[in-house]
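If you're wondering where the values come from, they're calculated on a predicted model, not measured in any experiment. Naming convention: chains lettered A, B, ... in sequence-line order (proteins, then strands); numbering from 1 in each chain.
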Amino acid sequence: MASLGELERSVMEVLWTTDADLSANELRDALALRDEPGRSVATTTVLTVLSRLERKGFVTRTREVRPHRYRALLSREEHTAELMHEVLDRTTDRDAALARFVGTATAGEAATLRRLLDELARS
Amino acid sequence: MLAVSAVLGALAVALAWPVPVALSRAAWPTRAPAAALALWQAIALAGGLSMIGCLLAFGSAPAGSLPAAVAALAPHLFTGPLPAGFGVAQVAALTLAAAVALLLMLNLALTAVRAERERRRQHQLIDLLSDPLPGEPRTRVLAHPVPLAYCVPGIRTATVLTDGLIEALEHDELAAVIAHERTHLDQLHHLVRLAFRAWHSAIPWFPIANRAERAVITLTEMLADDGARRAVGTDALRRALERVGDAGESGAYPESSSGANPDAAMLDARLRRLGVDPSVAERRERDIRSVRAAALAASVALVMVPVVALIAILGIVP
């Protein structure tokens, strides 16, 4: 039985690679296809994982239809950009929360980061 | 009581201005970072306690002790008149002491909560976005081309490296980076950084608070560097710092408002102490022993003065 953390990752990978909104049942089937046979998870477990991911701001759901349909709030690249931004940002209390190997952001680092953010904004 | 107040006031002024300025200009802290870090903490703690103690001693002088002063003032504080010996100055001093203590404690709590919230978000993102690095516990790899290494301290810890960093560094350089971050985590550097961050944010207009925080961050980086040297060697660490830090290049993200880049200066100081010739370093190591002992003794003495005074103010010692 996979841990909740591993399941969260698996659910996000499915949602990140799917364009359509998915129901919990469809997600369960997609997970069963990804993993080895015999490791299938129950729909209730998928729902638990989805509500955890929703609380953390990774997943959003459509409530108009039943059953509710879920999709990723942001792409994987956007979340990575968010993480990098939090680590590199000088305006927060970062020094109290994290410790970087080298505090200063180098010119190359800044240029690469700016280019990636631009690409993300265009797509 | 007034003599106690005067002594604590003088100590508070000394620890607020000339002492930290002298320490931040001294050369020995880069050679004895642990002792210097202890001294910085003693200065901050003793400075805060002295300031609060000075006000408490002055305000409670007419009654002889703080509990006696509170007992005398409490029934009359809102109805007046004030009991004999007490004036507006005494009441103001006691109120100010309570306000300063409250401000410092609230700021510490607030900073801790904010840091904890940021760490929780970091863990959430790291869990979903990164993969474990085989063979290194609690070390994760993030798919991103910018070369970056950092650690998330706390009860649950993580060291994060990017693809870009792993690509840019040799194997031993990467080991030095990991050992550096692990030293931060093992020595709980985040706690002392948190305290100085909170102190700085409580009095952001006070230039010494900024200077003290920079000094403390630099010293923790040097201690982490020393951990990496012990684990992997000076040479690998120096190469890693030069490669990642692009030494001498000014930080461009985001543009710093002031002209000088404090991060670049810190990197410079870290690299300089790694470049010292081993034989010179050994001779200096002998010289530094007495400095280190003196710094530790001064740290203990500094904290003892206001603590003993506060015990007297509280009337525990007759």
Side-chain angles (χ1 to χ4, degrees), chain A residues 3-13 15-16 49 52-59 72-117 119-120, chain B residues 111-112 114-119 121-122 124-130 142-153 160 162 164-165 177 180-181 184-185 189-190 193-194 196-198 201 213 217 220-221 224 240-241 244-246 249-254 256 261-264 266-267 270:
Chain A
S3 73
L4 278 178
E6 284 171 51
L7 274 171
E8 284 181 19
R9 275 182 76 111
S10 302
V11 166
M12 285 315 295
E13 311 257 301
L15 289 174
W16 275 328
V49 169
R52 282 166 60 104
L53 287 167
E54 192 182 21
R55 206 167 52 235
K56 294 178 186 175
F58 292 114
V59 156
L73 196 61
L74 296 172
S75 71
R76 190 189 175 98
E77 291 71 28
E78 284 168 319
H79 277 303
T80 308
E82 175 199 346
L83 185 145
M84 293 296 285
H85 186 76
E86 270 174 32
V87 178
L88 292 168
D89 190 12
R90 300 299 318 273
T91 55
T92 61
D93 284 343
R94 170 178 59 74
D95 284 337
L98 311 169
R100 281 185 56 187
F101 177 58
V102 170
T104 182
T106 63
E109 214 173 281
T112 313
L113 205 63
R114 219 173 288 129
R115 181 171 56 75
L116 292 171
L117 286 171
E119 278 170 14
L120 214 56
Chain B
T111 309
R114 273 205 302 259
E116 193 48 50
R117 200 183 300 143
E118 180 154 340
R119 285 185 205 127
R121 184 64 186 165
Q122 276 291 329
Q124 289 176 354
L125 289 166
I126 290 166
D127 285 347
L128 282 191
L129 299 171
S130 68
L142 183 71
H144 202 279
V146 166
L148 181 73
Y150 68 98
C151 64
V152 189
V160 181
T162 59
L165 183 93
V177 172
H180 172 102
E181 299 303 337
H184 275 315
L185 300 174
H189 289 163
H190 65 290
R193 283 179 170 212
L194 181 81
F196 278 80
R197 174 84 223 168
S201 70
E213 195 194 357
I217 290 171
T220 53
E221 292 302 337
L241 271 172
V244 178
D246 237 358
E249 190 119 41
S250 66
Y253 179 90
S256 75
N261 184 336
D263 283 335
M266 185 190 302
L267 181 62
R270 284 167 67 188

Study note, to complete from the structure: Counting heavy-atom pairs under 4.5 Å with chain B, the top scorer among Met12(A), His79(A), Lys56(A) is Lys56(A)
Less than 4.5 Å apart, side chain to side chain, heavy atoms only: is that true for [X] and [Y]?
X         : Y         : result
Phe101(A) : Leu165(B) : no
Leu125(B) : Phe58(A)  : yes
Leu83(A)  : Arg121(B) : no
Leu142(B) : Met84(A)  : yes
Arg9(A)   : Asp127(B) : no

**Study point:** Shortest non-hydrogen contact between Glu181(B) and Ala99(A), atoms and distance
**Key:** OE1-O, 3.3 Å
Review point. Which atom pair, heavy atoms only, marks the closest approach of Pro153(B) to Ala97(A)?
Key: CD-O, 3.0 Å
Does any backbone or side-chain atom of [X] lie under 4.5 Å from a heavy atom of chain A? Answer side chain, backbone, both or neither.
X         : answer
Ala240(B) : both
Thr162(B) : side chain
Ile126(B) : both
Gln124(B) : both

Point to revise | Sequence-distant partners of Glu116(B), salt bridge (charged side-chain N to carboxylate O under 4.0 Å, His left out), two or more places apart | key: Arg119(B)
Check your understanding: With sequence neighbours excluded, what pairs up with Arg270(B) under the salt bridge (charged side-chain N to carboxylate O under 4.0 Å, His left out) test?
Key -> Glu221(B), Asp225(B)
Point to revise | Side-chain donor or acceptor of Arg100(A) paired with backbone N/O of Ala149(B) under 3.5 Å | key: no
Practice item. Please step through side-chain contact (heavy atoms from CB on, under 4.5 Å) for the pair Val102(A) and Met266(B), ending with a clear verdict. Key: CA-CA 9 Å; Val102(A) 170; Met266(B) 185 190 302; over 6 Å; no
Check your understanding: If you measure from CD on Gln122(B) to CG on Leu98(A), what distance do you get to the nearest 0.5 Å?
Key -> 5.0 Å
